[in-house]
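The next block holds one structure in the form of structure tokens; read it before the comments.
These figures come from a predicted structure and were not determined experimentally. Ligands are counted one by one from 1 in listed order, and the atoms in each one are counted from 1 as well.
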Amino acid sequence: MKYIFGNWKMNNTSVEVKDFIKSFKPPKEDAVFGIAVPFPYIKEMQKKLGKKAQIGAQNVSFAESGAYTGEISAKMLADCGASFCLVGHSERRQIFGETNEWCREKVKALQSRNIMPVLCIGETLQENEQKKTKSVLKSQLKIGLSKADFSKKIIIAYEPVWAIGTGKTPTKKEVDQTISYIKEYINKEFKQNLKVLYGGSVKASNAKELLSGDIVDGALIGGASLKVNEFLEIAKSAKEKI
Ligand code: 13P
């Protein structure tokens, strides 16, 4: 079964949250669902949809508590019922200057509260064109996972930055090749087999092809996760063989 995870980013208010809750009726066998929502909606989403989907956050502080104005700790996320949390999304890396070292500490902080980290990695267009994809992914993984506790769950999301919100995607062959590389690297460096999701312009119309086969374990979906029907459609088509 594929992991179909949504990332709402900074979208939706309580009206849309209520509508989403009302219409989210996935057949159990379609996918393992997860939705990373803005902080204020975690508790309500968890209460109302917690049996149908894992509800998670999009960011966490590396610190445990204290004078960090505006930050939210892993302990607080656990308190609100978050079961997973994105770490190092490219928007956090690019807009907020999040580094691999911060990601490493965030992974550790989340695992100490039994919240599953979803470590996001991916190369920019320039890095891709300069054929630096593998070396970028390698350092994001090497540092980001260096304090991970592999006895607890952790998954990776490969999101090429140039494919996020652009409607462009790598070819299926490229997605499979890059995710195979990520899995091989994690296996070599950490002796682990982790699930790896693909993210970047996944829609109902391309999910079946992008997620087909055994290499890609699921998707991390931005824009298309805001519409319940499209989100559920992605899960359904990811289940079908091509
Ligand atoms: P889009 O699906 O909107 O391209 O966003 C992908 C993403 O950033 C998910 O984390």
Side-chain angles (χ1 to χ4, degrees), residues 2-12 16 20 31-39 41-42 45 53-60 77 82-98 102-103 106-107 110 115-125 127-128 133 136-137 140-141 144 154-172 174-175 178-179 182 194-211 216-238:
K2 301 282 183 185
Y3 287 64
I4 302 296
F5 274 42
N7 172 12
W8 280 7
K9 309 192 179 185
M10 199 171 70
N11 292 298
N12 285 346
E16 287 97 18
F20 191 96
V32 177
F33 286 99
I35 313 167
V37 302
F39 292 128
Y41 306 122
I42 293 175
M45 288 285 284
Q54 299 186 33
I55 303 300
Q58 302 166 13
N59 185 30
V60 67
L77 291 185
S83 56
F84 76 95
C85 181
L86 307 182
V87 173
H89 189 280
S90 65
E91 287 147 20
R92 301 243 24 115
R93 293 179 190 260
Q94 295 204 315
I95 306 169
F96 302 100
E98 209 156 292
W102 280 33
C103 293
K106 290 179 181 210
V107 164
L110 289 168
I115 298 173
M116 177 178 79
V118 177
L119 178 64
C120 304
I121 59 172
E123 83 286 2
T124 62
L125 182 62
E127 288 161 347
N128 184 284
T133 300
V136 169
L137 299 177
Q140 288 175 333
L141 289 166
I154 174 164
I155 58 183
I156 307 297
Y158 168 57
E159 303 200 297
V161 181
W162 51 272
I164 295 178
T166 58
K168 290 185 200 145
T169 60
T171 63
K172 169 65 178 158
E174 286 165 341
V175 170
T178 310
I179 291 192
I182 291 168
L194 299 188
K195 302 275 184 210
V196 184
L197 317 186
Y198 167 77
S201 295
V202 177
K203 303 187 261 281
S205 56
N206 61 16
K208 194 161 149 184
E209 189 192 6
L210 285 170
L211 305 185
V216 183
D217 296 305
L220 181 56
I221 303 144
S225 72
L226 297 169
K227 300 170 222 143
V228 174
N229 290 342
E230 175 134 24
F231 190 47
L232 295 178
E233 195 55 41
I234 291 173
K236 210 162 84 189
S237 60

Give every pair formed by an N or O atom of ligand 1 and a protein N or O atom closer than 3.5 Å, one pair per line with both atom names and the distance to 0.1 Å, or write none.
residue	atom	partner	partner atom	Å
ligand 1	2 (O)	G222	N	2.9
ligand 1	3 (O)	G223	N	2.9
ligand 1	4 (O)	G165	N	2.6
ligand 1	4 (O)	S201	N	2.8
ligand 1	5 (O)	K9	NZ	3.3
ligand 1	8 (O)	K9	NZ	2.8
ligand 1	8 (O)	H89	NE2	2.8
ligand 1	10 (O)	N7	ND2	3.0
ligand 1	10 (O)	H89	NE2	2.9
ligand 1	10 (O)	E159	OE1	3.1
ligand 1	10 (O)	E159	OE2	2.9

Item to check | Sub-6.0 Å ring centroid separation between F20 and W8 | outcome: yes
Next on the checklist: For the aromatic rings, using the six-membered ring if either is Trp, is the centroid distance between F5 and F84 under 6.0 Å?
Outcome noted: yes
Next on the checklist: Treating K106 as the side-chain partner and V60 as the backbone partner, does any N or O pair qualify as donor plus acceptor under 3.5 Å?
Outcome noted: yes
Checklist entry - What closest approach, in Å, do A57 and A82 show between heavy atoms, and which atom pair accounts for it? => result N-CB, 4.5 Å
Next on the checklist: Strictly distance-based, threshold 3.5 Å: is any side-chain N or O of D217 a donor or acceptor partner for the main-chain N or O of V196?
Outcome noted: yes
Checklist entry - What residues, two or more places apart in sequence or in another chain, satisfy side-chain hydrogen bond (donor to acceptor under 3.5 Å, both in side chains) together with Q94? => result none
